[in-house]
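In what follows, a structure is listed as structure tokens, so that the remarks can point back to it.
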Amino acid sequence: AGQDTIYDVTVSPLPQGVLCAFEDRSAWEQMDQMRRDFVANVSHELRTPLTALLGFIETLRGPARNDAAARERFLAIMASEAERMNRLVRDLLHLSRVEAEERVLPGDDVDIAGVLSATVVSLRPVAEAAKVSIRVEGADHPLIIRADHDQMTQVLTNLVENAVKYGSPAGAEVRVALAREIGPRGAQLRISVSDQGEGIDPFHIPRLTERFYRVDGHRSREKGGTGLGLAIVKHIVNRHRGRLIIESEKGRGSRFSVLLPLEPR
Ligand code: ADP
């Protein structure tokens with residue numbers, strides 16, 4: 001108790017040039033089961049808002065037909081259910097894209113400090129609505145890395161948005177820091193997003209990057225979450241040959257760190 005839980009969710013890529021040829025029936029069956037679970041999850045996630053939409057359409061056609069106030073209220077709920085479906089489809093497309101690209105090394109020179117500053121600007125309204133401030137450190141000079149610009153934006157957006165959504169009571173601060181450092185595998189960039197929020201029970205941490213895994217499903221949905229954000233982050237970090245480290249202390253807050261190699265290997 002009182003100890004940080006550190007969990008490294010990296011999946012190390014295979015060394016290049018090694019061919020693995022094997023047939024493992026149980027591994028194959030496991031993959032197939034995962035695929036079926038995924039399809040079942042997607043269907044369930046889409047069906048919930050769809051059922052609500054169909055219900056409200058019926059009500060609008062029938063009992064609420066001549067009730068202007070009820071009509072306005074129901075239309076607002078319908079719009080938010082449709083937006084939920086929209087977010088889900090958007091995240092599913094992102095996930096399938098990042099999975100497909102995972103084996104292709106990113107090739108652009110990206111100023112990660114600029115990406116971070118732009119991300120924070122675009123998240124300001126979300127933070128203001130939650131009465132949370134975002135502090136940025138280490139982003140005052142350009143910091144060029146080999147990366148995919150849009151994917152880096154996505155990693156930062158997902159982590160900072162989560163820190164605001166789950167990590168922060170009103171008045172709290174989310175801290176995003178960039179730092180160059182020397183790691184066990186050479187020069188690396190550390191991007192860390194720290195919050196002062198509810199923290200995460202150690203039991204959940206290893207599973208957070210699974211698709212649709214949520215600590216509290218009701219809370220995630222209420223906050224507009226799809227349950228896919230950290231799965232997307234994990235694939236992007238893998239593609240960049242990086243590591244995602246999640247540290248958390250229940251009741252005190254969490255820190256999500258992305259470590260990216262700075263030198264080509
Ligand atoms: P969601 O769309 O539900 O936010 P994510 O994949 O981004 O999906 O996150 C998975 C779950 O991890 C969330 O539902 C939440 O329970 C937990 N989580 C993520 N970030 C934090 C955080 N900073 N503090 C506490 N819990 C978090």
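Ligands are counted one by one from 1 in listed order, and the atoms in each one are counted from 1 as well. Please read all numbers here as calculations on a predicted model, not as lab measurements.
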Quiz item: Quick one: is the NZ or CZ of R211 closer than 6.0 Å to the six-membered ring centre of F38, and within 45° of its axis?
Solution: yes
Quiz item: Is R124 reaching over with its side chain to a backbone N or O of T119, donor-acceptor style, under 3.5 angstrom?
Solution: no
Self-check item: Heavy-atom nearest option to atom 17 (C) of ligand 1, drawn from L228, L88, I232, L208
Solution: L208
Self-check item: atom 18 (N) of ligand 1: nearest protein contact (heavy atom, Å)
Solution: Y166 CD1, 3.8 Å
Quiz prompt | R241 side chain reached by L105 side chain, heavy atoms, under 4.5 Å | solution = yes
Self-check item: Which residue and heavy atom of the protein sit nearest atom 3 (O) of ligand 1, plus the separation
Solution: S220 OG, 2.6 Å
Quiz item: With a cut-off of 4.0 Å, which atoms of ligand 1 are near a heavy atom of T226?
Solution: 2 (O)
Self-check item: Region of F256 that comes within reach of ligand 1 [heavy atoms, distance under 4.0 Å]
Solution: side chain
Practice problem: Using distance alone, with no hydrogens and no angle criterion, decide if N158 and Q154 have a side-chain donor and acceptor under 3.5 Å apart. | Solution: no
Self-check item: ligand 1 atoms in contact with V215 (distance to a heavy atom under 4.0 Å)
Solution: 16 (O)
Quiz item: Does K165 approach ligand 1 within less than 4.0 angstrom via side chain, backbone, both or neither, non-hydrogen atoms only?
Solution: side chain
Quiz item: Using a distance-only test with no angle check, is there a side-chain donor-acceptor pair under 3.5 angstrom linking T226 and D91?
Solution: yes
Quiz prompt | Criterion side-chain hydrogen bond (donor to acceptor under 3.5 Å, both in side chains) on R255 and S194, from CA distance to verdict | solution = CA-CA 4 Å; R255 179 163 65 209; S194 317; 4.7 Å; no
Quiz prompt | Atom indices of ligand 1, in the order listed, that fall short of 4.0 Å to a heavy atom of Y213 | solution = 10 (C), 11 (C)
Quiz item: Is N162 touching ligand 1 with its side chain, its backbone, both, or neither, if touching means heavy atoms under 4.0 Å apart?
Solution: both
Quiz item: Which ligand 1 atoms are under 4.0 Å away from a heavy-atom of G229?
Solution: 5 (P), 6 (O), 7 (O)
Exercise. Take every heavy atom of E161, measure it against each atom of ligand 1, and state whether any distance is under 4.0 Å.
Key: no
Quiz item: Nearest protein heavy-atom contact for atom 26 (N) of ligand 1: which residue, which atom, what distance?
Solution: I200 CG1, 3.5 Å
Self-check item: Side chain, backbone, both or neither: the part of D195 lying under 4.0 Å from ligand 1 by heavy atom
Solution: side chain
Self-check item: atom 5 (P) of ligand 1 [closest protein heavy-atom partner, distance rounded to 0.1 Å]
Solution: L230 N, 3.6 Å
Self-check item: Contact atoms of ligand 1, heavy-atom distance to G225 under 4.0 Å
Solution: 1 (P), 2 (O)
Quiz item: Heavy-atom distance under 4.5 Å between the side chains of D148 and R239, does that happen here?
Solution: yes
Exercise. Taking R71 for its side chain and R65 for its backbone only, find out whether a donor-acceptor pair lies under 3.5 Å.
Key: yes
Quiz item: G227: heavy atom below 4.0 Å from ligand 1, yes or no?
Solution: yes
